Amino acid sequence: MIPRFASLAGRSCQTLRNMQQIVTLSTLAEPKMIIVSTVGEKKNVGLIELHRPKALNALCSELMDEVSAHVKNFNEDKSIGAIVITGSDKAFAAGADIMEMMDKQFADIYTGQFLSNWSEVAKSKKPVIAAVKGFCLGGGCEFAMMCDIIYAAENAHFGQPEIKIGTIPGAGGTQRLTRAVGKSLAMEMCLTGERINAYEAQQAGLVSKIFPTEKVVNEAIKLGERIATQSPLIVQMAKEAVNSAYELSLKDGLQFERRLFHTTFATKDRKEGMTAFAEKRSPLWQSE
C-alpha cells in the first residue's frame, strides 16, 4: 500500500493534470445536437457544427450545453489553436428555441438564470470563428456575435426579430450589436426586427469577410489554421487586448495594451519570435 501511494506522489503535477484531462475527454457525453471534429491539415482546428435541421438549428438549452462542453474541451486541448462554429446551408441558427421559452414564466426565467449557459463561447481563451450561412437571427445572431470573428456566406441574413414576438434580445443583441454596427442601425434592427444581408453586415462592421456559401466553412477553417500557427500564449494575450477595447476608455485601453505588450517580453515566445525573424526561419513556439 505504501509503495503505491509513493508512486502516485512521485508523479509530476503535469502528469496528473494530463490523466485528469484524459478522464474528462473519455467521460464527455456524445453530443446529440452538434457534430464535433478536428479539422485542418494538422488537425489543429476544432469544428462544431450545429445540427438541428428540422428546427433550423434553433438554440435550445441542451444544444447550448453541448456547445459549452465542447468549447471547454477544445480550450483544454493544447493541440487546438482555434475553434470554428457553423450551421447548415439554410441556417446558422434561426434563433433561440421559442417552443422551449413559450410557456415559461418570469419566476422560471429569473430564478433559473435562463441563457446563462450561453456564455462559454464568449469566455473562450482560444479564438472562435463563426462561419455563417443562411439565417442568423435572434439568438443565432447573438451567438455569432459571441464569437471573435464572423465569416459570412453570400446567402447569410442577420437580424434581431425579438420585437415581433413581444420580447427583446436577451443574450447580447442590444449590446454587442450596438458596439459592432453603431447605435442607429442597431436601434433600427431591434425596434423593427428587420434583417440585413451579408453585404450590409460587412459594410456595417458586423462581418469580416464574405464567401460563396460552399466555401465559407473551409475559409473559416483556413483562418483558424493561420491563427493556430502563432504562439498560443500570445494569441490569447492579443485576443484579451482587443476585447478590452469594448470595456475600457481609450486611455485605460491603451495602458492595458501597453502593459500586455510589456508582458510579452517576459515570455520565451517573444524572444523566439524576434530571433526567428532575424534568422529568417519559422519560429518554434513554446507557449512560455
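Source: prediction; values computed, not measured.
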SG (Cys136) and CE (Met145) are apart, to the nearest 0.5 Å, by 8.0 Å
Worksheet item: What's the verdict on side chain to side chain contact (heavy atoms under 4.5 Å, CB included) for Leu63 and Arg52, showing C-alpha distance, side-chain angles and the deciding distance?
Response: CA-CA 9 Å; Leu63 184 151; Arg52 290 189 74 196; 3.7 Å; yes
- Are Pro127 and Ile83 side-chain neighbours, meaning at least one heavy-atom pair lies under 4.5 Å? no
*Is there side-chain contact between Trp118 and Leu59, with heavy atoms separated by less than 4.5 Å?*
yes
ask   = NZ of Lys271: more than 12 outside heavy atoms within 6.0 angstrom?
value = no
Taking the side chain from Glu142 and the backbone from Ala171, do they hold a donor-acceptor pair closer than 3.5 Å?
yes
Set out, in order, the CA-CA distance, both residues' side-chain angles and the distance that settles side-chain hydrogen bond (donor to acceptor under 3.5 Å, both in side chains) for Asn44 and Ser79, then state yes or no.
CA-CA 6 Å; Asn44 56 1; Ser79 70; over 6 Å; no
### Task
Look only at the side chain of Asn155 and the backbone of Gly134, and say whether a donor-acceptor pair between them is shorter than 3.5 Å.
yes
Heavy-atom count around Phe265 CZ within 6.0 Å, excluding the residue itself: above 12?
yes
Main chain of Ala69, side chain of Asn73: is a donor-acceptor contact present, judged purely on distance under 3.5 Å? no
Practice item. Look at the side-chain heavy atoms of Ile, Leu, Val, Met, Phe, Trp and Tyr, link any pair under 4.5 Å apart, and say whether Ile80 and Ile85 land in one connected group. Key: yes
Note: Phe74 and Ser37 closest approach over all heavy atoms is CZ-O, 3.7 Å
Where does the angle between the aromatic ring planes of Tyr151 and Phe211 fall among parallel (under 30°), tilted (30 to 60°) and perpendicular (over 60°)? tilted
Looking only at heavy atoms, the pair that brings Ala276 and Ser282 closest together is CB-C, 4.1 Å
Do Leu137 and Ile196 share a hydrophobic cluster (ILVMFWY, side-chain heavy atoms under 4.5 Å, transitive)? no
Fill in: Lys222/Glu225 ion pair, N-O < 4.0 Å
no
Check for a donor-acceptor pair, side chain of Lys126 on one end and backbone N or O of Gln236 on the other, with a separation under 3.5 Å.
-> no
* Give the cluster check for Met146 versus Leu206: same hydrophobic cluster or not, with ILVMFWY residues linked at side-chain heavy-atom distances below 4.5 Å. => yes
Please tell me if the side chains of Ile34 and Glu49 come closer than 4.5 Å, counting only heavy atoms from C-beta onward.
-> no
Pair Arg281 + Glu272, salt bridge at N-O below 4.0 Å: yes
Original post:
Can a donor-acceptor pair be found between the side chains of Glu257 and Ser244 at a distance below 3.5 Å?
Top reply: no
### Query
Thr267 and Asp269: side-chain donor and acceptor closer than 3.5 Å?
no
With the side chain counted from C-beta on, respond yes when Ile165 and Ile98 share a heavy-atom pair under 4.5 Å apart, and no when they do not. yes
Could you walk me through whether Met64 and Phe143 pass the side chain to side chain contact (heavy atoms under 4.5 Å, CB included) test, one step at a time? CA-CA 10 Å; Met64 294 307 294; Phe143 185 35; 3.8 Å; yes
- Query: Do Glu194 and Glu188 come within less than 4.5 Å of each other through their side chains, counting heavy atoms only?
  - Reply: yes
Smallest heavy-atom separation, Asn57 atom then Gly87 atom, equals ND2-CA, 3.6 Å
With clusters defined by side-chain heavy atoms of hydrophobic residues (ILVMFWY) lying less than 4.5 Å apart, directly or transitively, does Met33 cluster with Phe135? no
> Yes or no on side chain to side chain contact (heavy atoms under 4.5 Å, CB included) for Leu47 and Thr86, after CA distance, side-chain angles and deciding distance?
Replying inline: CA-CA 8 Å; Leu47 177 63; Thr86 192; 4.2 Å; yes
Separation between NZ (Lys268) and CG (Leu284), nearest 0.5 Å, reads 13.5 Å
| Are the side chains of Tyr199 and Val207 in touch, meaning some heavy atoms are under 4.5 Å apart? | no
Please say yes or no: joined through hydrophobic side-chain contacts below 4.5 Å, possibly via intermediate residues, are Phe92 and Val217 part of one cluster? no
Here the gap from Gln105 atom CD to Asp103 atom CG, rounded to the nearest 0.5 Å, amounts to 8.0 Å
The test is side chain to side chain contact (heavy atoms under 4.5 Å, CB included); show your working for Ser208 and Ile150 and say whether it passes. CA-CA 6 Å; Ser208 175; Ile150 301 176; 5.9 Å; no
Closest heavy-atom pair, Ala144 versus Val132, reported as atoms and distance to 0.1 Å, is CB-CG2, 4.2 Å
Whether the Asp89 and Thr213 side chains hold a donor-acceptor pair (N or O, under 3.5 Å, no angle test) is what I'd like checked.
no
Exercise for the section: May I ask you to check whether over 12 heavy atoms, not counting those of Ile35, lie within 6.0 Å of atom CD1? Expected result: yes
Exercise for the section: Answer whether the closest heavy-atom distance between the side chains of Val84 and Leu223 falls below 4.5 Å. Expected result: no
On a heavy-atom basis, the closest approach of Leu185 and Ala204 is CD2-CB, 3.6 Å
To the nearest 0.5 Å, atom CD1 of Ile210 lies from atom CD of Gln203 at 10.0 Å
Within a 6.0 Å radius of atom CD on Glu214, are there more than 12 heavy atoms belonging to other residues, nucleotides or ligands?
yes
Checklist line | Glu41 CD: over 12 foreign heavy atoms closer than 6.0 Å | finding: no
Rounding to 0.5 Å, atoms CD (Glu100) and SG (Cys60) come to a distance of 5.5 Å
Output for pair (Leu56 CG, Asp97 CG), nearest 0.5 Å, gives 11.0 Å
Can you find a pair of side-chain heavy atoms, one from Val121 and one from Cys147, that are under 4.5 Å apart?
-> yes
On a heavy-atom basis, the closest approach of Gln202 and Lys209 is NE2-CA, 3.7 Å
query = Any sub-3.5 Å donor-acceptor pair from Glu66's side-chain atoms to Lys32's backbone N or O?
reply = yes
